[in-house]
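A quick write-up on the structure given underneath.
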Amino acid sequence: MSYSALRIFKEAITGHKGWKPVWRKPEPKPHYDIIIIGGGGHGLATAHYLASQFEQKSIAVLEKGWVGGGNVGRNTTIIRSNYGLHENEAFYEFSLKLWEGLEQDVNYNAMVSQRGVMNLYHSDAQRDAYVRRGNAMIMHGADAVLLDQDGVRKTYPFLNYDNARFPIQGALWQPRGGTVRHDAVAWGYAHAADKRGVDVIENCEVTGFDIVDGRCVGVQTTRGKIGAGKVGVAVAGNSSRVMAMANMRLPMESHVLQAFVSEGLKPIIPGVLTYGAGHFYVSQSDKGGLVFGGDIDGYNSYAQRGNLPVVEDVCEGGMSLMPMIGKARMLRMWGGIMDMSMDGSPIIDRTHIDGLYFNGGWCYGGFKATPASGYCFAHLLATDTPHDTAKHYRLDRFARGLMIDEKGQGAQPNLH
Ligand SMILES: Cc1cc2nc3c(=O)[nH]c(=O)nc-3n(C[C@H](O)[C@H](O)[C@H](O)COP(=O)(O)OP(=O)(O)OC[C@H]3O[C@@H](n4cnc5c(N)ncnc54)[C@H](O)[C@@H]3O)c2cc1C
C-alpha cells in the first residue's frame, strides 16, 4: 500500500475502509539469505537498504518484542551531524543527508523537522572547542554557525543569561539538525522493507546461533530454527547479551538512559537546545510537550526504566538553563538500554565468525545514525566490504589502540 495526499482524500470520503496494515505478519521461513536480528531502527533500516539498494531478495528481520518497542521509540528524537573527528563527521553527515530524503524514500511521514540544533557555550575555552568542531563540520560539507550571546537571544530570549552560575556566551548552531518522530521511523522502514518482500517477524526472540566449523549458518529462536547465509546483529542495548551467545565479549556496557516529557505548553522552544555547562537537552514536540533528557543512570542494567537521582539531576540542568521550566509539570518518563562503547563511537563490522556481522555501540546517539547505520551495515552484509564512511568503525580498534574518542577523555562507558 502506498501513501499519498490523493489516498488520504479518497479514504476520507469513503469512510477509511481501505487502509491496510503497515506491514504484514509473516510466519518465519526455514531459510533466508540474510537474517537481521533486532527490529529497531538500525535493523529495519538495514533490511530496507539491503532490498532497495543492494538487490537482496531473501531477508528476514527477527524482533523479540514489537517494532518500535526498543530505543528507536524511546529516544529524544534529536538528529544532527555536529562531530569534530573525521571518522565520525563523514558518517553522521551521510546520515543527515539520508534523513533529508527519508520520507520520500520509504513513503512514510516521519515528521522530519530540520528546526536547528543549538549547543550553548559558557566559557572561552568551550567557544574555541566549538569553533574547531564547527570548522571540521564545514570541511565535511555540513553546516555550522557560531553565534554570540545576542545571536542566541534572538531565538531564545527567555534563557538565564545574566544571573546564571555559568552565563551563556553563545552557541554552535547547526540549522539542518532537528528532530524526527522516532517511532514513525521504525514504522516507515518496516513498511518500506515489507513492501520489497522483507519478512518483519515480531515476537521472535533469537536464543542462540548455529555455528558449524567456524561459520554461522542460522539462528535458534522462540519460533524454531531458521537457517541463514549471513546473520547481522543490530540489537542496541542487548548487544552484549546476544553476542555472548556466540561466545563473544564486547568492549561495551549496557546502561539506562531516561527521557522526559512535560505537559503540553504553548510553543516556546523552536529548535533543539543543549546546555553546555551540564547535561541537559530539550526540544518541544508538535503536541507542545517539552521533550528533554540528560545523563545516563550510570550503572549497568538491562531494565528499561531508570531511577530518581538522575531525574533530579536532569531537572536541575533544566532549571539552571531556563528557570521557568520549574513551573511545568512532568507528564511522562521512561528509560531505554544504551549500548555504551568505550570510546563513544559505534561498531559496524564483521566478526571472527564467518557469516556473523555486528552493528552496535551506539551509546546515546544512535537515533540520528539510523539511516547511515542501516545503509552501511547493508553495504557490509551485501558486499563484504565496509562502506567508505563507516570503515573506521572496526571491532578490533580497541585492541589496536585506534579509538575514536570524540571527547578525548579516554576509555569510559559514558561517552557519545
Ligand atoms: C532515552 C533515550 C534518549 C535518546 N535520545 C537520542 C537522541 O536524541 N538522538 C539520538 O541520536 N539517539 C538517541 N538515543 C539513542 C538511540 O535511541 C539508540 O542509539 C538507537 O535507537 C539504537 O538503535 P535501534 O533503534 O536499532 O535500537 P532498538 O530500537 O533498541 O532496537 C534493538 C532491537 O533488538 C531487539 N532485540 C534484542 N535482543 C533480541 C533478541 N535476542 N532477538 C531478537 N530481537 C532482539 C530489541 O527488542 C529491540 O527492538 C536515545 C536513547 C534513549 C534510550
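When a ligand or atom number is given, it counts from 1 through the structure's own listing order.
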I'd like to check Asp384 versus Lys230 (side-chain heavy atoms, cut-off strictly below 4.5 Å). Are they in contact?
yes

Heavy atoms, side chains only, cut-off 4.5 Å: are Ile36 and Leu381 in contact?
yes

Would you say Asp339 has any N or O atom under 3.5 Å from an N or O of ligand 1, going by distance alone?
no

So is Gly69 polar-close to ligand 1, meaning N/O to N/O under 3.5 Å?
no

[Y] versus [X], side-chain donor and acceptor atoms under 3.5 Å:
| X | Y | value |
| --- | --- | --- |
| Ser52 | Arg196 | no |
| Asp199 | Tyr32 | yes |
| Tyr393 | Asn359 | no |
| Thr221 | Arg223 | no |
| Ser81 | Lys97 | no |
| Tyr189 | Asp105 | no |

With [atom] as the reference point, say which of [options] has the nearest heavy atom.
| atom | options | answer |
| --- | --- | --- |
| atom 5 (N) of ligand 1 | Thr76, Ile201, Val72 | Thr76 |
| atom 39 (C) of ligand 1 | His416, Lys64, Met333 | Lys64 |
| atom 19 (O) of ligand 1 | Gly293, Ala369, Gly366 | Gly366 |

Nearest-contact summary for [atom] - protein heavy atom, Å:
| atom | result |
| --- | --- |
| atom 15 (C) of ligand 1 | Tyr364 O, 3.2 Å |
| atom 31 (O) of ligand 1 | Gly40 CA, 3.2 Å |
| atom 49 (O) of ligand 1 | Glu63 OE1, 2.7 Å |
| atom 27 (O) of ligand 1 | Ala236 CB, 3.3 Å |
| atom 16 (C) of ligand 1 | Phe367 N, 3.4 Å |
| atom 3 (C) of ligand 1 | Asn75 CA, 3.3 Å |
| atom 26 (O) of ligand 1 | His42 N, 3.1 Å |
| atom 41 (N) of ligand 1 | Val206 O, 3.1 Å |

Subset of ligand 1 atoms that lie under 4.0 Å from at least one heavy atom of [X]:
| X | result |
| --- | --- |
| Val242 | 38 (N), 41 (N) |
| Gly336 | 53 (C) |
| Ala234 | 32 (C) |
| Cys363 | 15 (C), 19 (O) |
| Gly41 | 24 (P), 25 (O), 26 (O) |
| Trp362 | 19 (O) |
| Gln258 | 1 (C) |
| Thr77 | 8 (O) |

Hey, do the aromatic rings of [X] and [Y] have their centres closer than 6.0 Å?
| X | Y | answer |
| --- | --- | --- |
| Tyr121 | Phe166 | no |
| Tyr49 | His387 | no |
| Tyr275 | His122 | yes |
| Phe367 | Trp99 | yes |

Please check: side-chain N/O of Asp313 versus main-chain N/O of Pro309, any donor-acceptor pairing under 3.5 Å?
no

Taking only non-hydrogen atoms of Gly365, do any sit less than 4.0 angstrom from ligand 1?
yes

Tell me whether ligand 1 is touched by Cys204 - counting only heavy atoms on the residue side and a distance under 4.0 Å.
yes

Please name the residue in the list Lys407, Met338, Glu406 that meets the side-chain contact (heavy atoms from CB on, under 4.5 Å) test with His416.
Lys407

Determine whether the side chain, the backbone, both or neither of [X] has a heavy atom under 4.0 Å from any heavy atom of ligand 1.
| X | answer |
| --- | --- |
| Ala186 | neither |
| Met338 | side chain |
| Asn238 | side chain |
| Leu62 | backbone |

So, using ring pair (Phe, Tyr, Trp, His ring centres under 6.0 Å) as the criterion, who are the partners of Tyr302 when residues are at least two apart?
none

Is Met324 atom CE crowded by more than 12 heavy atoms from other residues, nucleotides or ligands, each under 6.0 Å away?
yes

